[in-house]
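Structure first, then comments.
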Amino acid sequence: MASNAEEKAESARTRSAWLLSTPALIVLLFAASGPLLIVVTYSFLTPGQYGNVVWNFDLSGWVGILFSKDIFDGTWHLADAHLSIFWRSVKLSLLTTAITFAVGFPTAWFIATRPPTQRALWLFLITIPFWTNLLIRTIAINEVIRNEGLLNTVLIWIGVISTPLHIIYTDTAVLIGMAYVYLPLMVLPLYAAIDRFDMRLLEAGYDLYASRIQVLRRVILPIVKPGIIAGSILVFVPSLGAYVTPRVLGGGKNMMIGNFIELQFGQARNWPLGAALSMTLLIVVMAALLVYVKASTREGNPHG
Amino acid sequence: MSESPIAVEARNAVKAFGQGATAVKALDDVSVKIKKGEFFTLLGPSGCGKTTLLRLIAGFETPTSGQILLDGADITQLPPNKRPVNTVFQSYALFPHLTVAQNIAFGLEMQGRPKAEIKKTVARMLALVKLEPMADRKTSQLSGGQQQRVALARALAPAPKVLLLDEPLSALDLKLRKEMQIELKRLQMETGITFVFVTHDQEEALTMSDRIAVMSAGHIQQVGAPREIYTRPANRFVASFIGETNFLTGKSDGEAVQLDIGSKIAIKAPPGPVSLAIRPEQVRVVAANDPGALPATVGATVYFGTDTHLHLVMKDGSTLVARMQSPASGSGDLAKGTNVGVTFPDSALQLLGD
Ligand SMILES: Nc1ncnc2c1ncn2[C@@H]1O[C@H](COP(=O)(O)OP(=O)(O)O)[C@@H](O)[C@H]1O
Ligand SMILES: [Mg+2]
């Protein structure tokens, strides 16, 4: 009797658990897996003449990532333009990660060493730009660095330079923009790691003959490494897929993968190539994540 | 003894925290000489400046005025990583990302010692603190006592001229603390390194130290061997902080002191009121009619196991505590209100110089 009632209650619990997770399951199905399946499918189809796709199995989308077809004789050859876009994307994303780390680490350290009552305020200040629309923030950067912008006006006015620095529509401009936009994503996890760091270890380091640099390299960095890894992932991943920033600050020439993908779905009318590129980006990001996770778990084993 | 070379010296060291009216003088004109190879203890209540003095020697703080000398050389402005002095921190401060062996090797690596030498020294240190089986463990996997040993080994490995220990045993339970006291003493004798040990536990200080500096409110009250500090406390603070003490009052006429409890004793003191101290174990209880004994009445009897404390009410109304061995059977207890006599050797009285 008792066990029967228990079973009933158990199955009722199971049923309500499923019922409660239905919204989440629907979201997962339609918002995550669904679009992914569509993209995978489209990458294996034939491009239609006016965009869209023809339902016909075709590998040209995937081949087109690295090769392009000669318009005249129809032969495939290595697409230098594509490669340079990939290279620029990876390079700019790595540089963005490095710059946000170089700026973000001292910032996070500064915040973590403030009196506890002030820290919330500093963190809030760091995240303020985040409450503004990305496009607006990027256009604001444009206003600062363009030839007649704030930066050049001030530099010319105080006499440091006589002709304006040409930054806008270069890789440097994209880099400045991305570093600015993604800085909070580096600072927050670094802050969380530094906040947990036991400052008494610094004195232990100095006491044992370590210089300031050695304390940084041998004590601080290894201990806050999880925060560095988390911050780097959070910056590198969206940098690699950045769209708005390279579009607004890089102009038409300095495309990154995001813009290149958009191009395929727009003017180039090559949806399968766009889909294949999207999948490639996803795979690269997943690979990067795996490498990071591997690196951070190996940390646990001293002789690994 | 007095000619043995000095390892560390503080000269008129003052350390003030904060500025102006809110400034706290953690150390107020402290001068002390610590000899080579001795086990020297800074003893005092919490907040008296023990840690501050240790941090001045380690180099984590610079004195507001005064000097710190190591082997006779002024090191006041030298940063901690340039001082051949190591610290065992109260919190241990072991590096959580390193193994036991790597922790011990850290100082040697920072000094740039050759790899082979580091390996040999680490092995020697592991043996010294009996942690060989733990060499490759992370420090978080160790017990409190084992972490303590790692902290010791790590600080001893670079063979510092002076080892500073800030209440290293305070986090351990009683049994482990007793073991580590013996262990520390052994390590100090085996290595011959000068130990500067901080504690607020007077018993720990008395059992372990070659010499003790008793501190209070940023001042050093007295420096001396444990026996000297115990039997000849320089002032009221030292007498009350170390062990249990009876305080007596009296009047000096320049030649002898008339005690308020009755007897007159031949102690030279400037004329006027004086205060004296006597340890409970020096107070003897005799029969009331004993010749020369001071009259007293038994107040309370407090049983401590091996000892029994007898609270004696003297004729001036003050209470004197006498410590005696507990009788083998409970029969010997003196009933409250019994009239007894009290005697003590004159030499057991210590004049206090407040
Ligand atoms: N960094 C500091 N800032 C302000 N006051 C301090 C600081 N360090 C110690 N003090 C003060 O100095 C006094 C002595 O402290 P400390 O040397 O730590 O005492 P102890 O180790 O004997 O307990 C205390 O009143 C303490 O509050
Ligand atoms: Mg202290």
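Per chain, numbering begins at 1; letters A, B, ... match sequence-line order.
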For the CZ atom on Arg114(A), are there more than 12 heavy atoms of other groups (residues, nucleotides or ligands in this structure) within a distance under 6.0 Å?
yes
Are a donor atom and an acceptor atom from the side chains of Thr199(B) and Asp201(B) found within less than 3.5 Å of each other?
no
Quick one: what part of Arg55(B) sits under 4.5 Å from any heavy atom of chain A, side chain, backbone, both or neither?
side chain
Which residues in residues 105-120 of chain B have any heavy atom lying under 4.5 Å from a heavy atom of chain A?
Phe106(B), Gly107(B), Glu109(B), Met110(B), Gln111(B)
Please classify the contact of Leu98(B) with chain A as side chain, backbone, both or neither, using a heavy-atom distance under 4.5 Å.
neither
Name of the residue among Lys185(B), Lys36(B), Lys35(B) meeting salt bridge (charged side-chain N to carboxylate O under 4.0 Å, His left out) with Asp210(B):
Lys185(B)
Salt bridge flag under 4.0 Å for residues Glu10(A) and Arg13(A):
yes
Pair Asp207(A)-Thr87(B), side-chain donor/acceptor within less than 3.5 Å
yes
With a 6.0 Å cut-off on ring centres, are Trp122(A) and Phe110(A) close enough?
yes
Quick one: do the Thr41(B) and Ser209(B) side chains pair a donor with an acceptor below 3.5 Å?
yes
Residue selection (most heavy-atom pairs with chain A, distance under 4.5 Å) from Gly59(B), Pro80(B), Ala151(B):
Pro80(B)
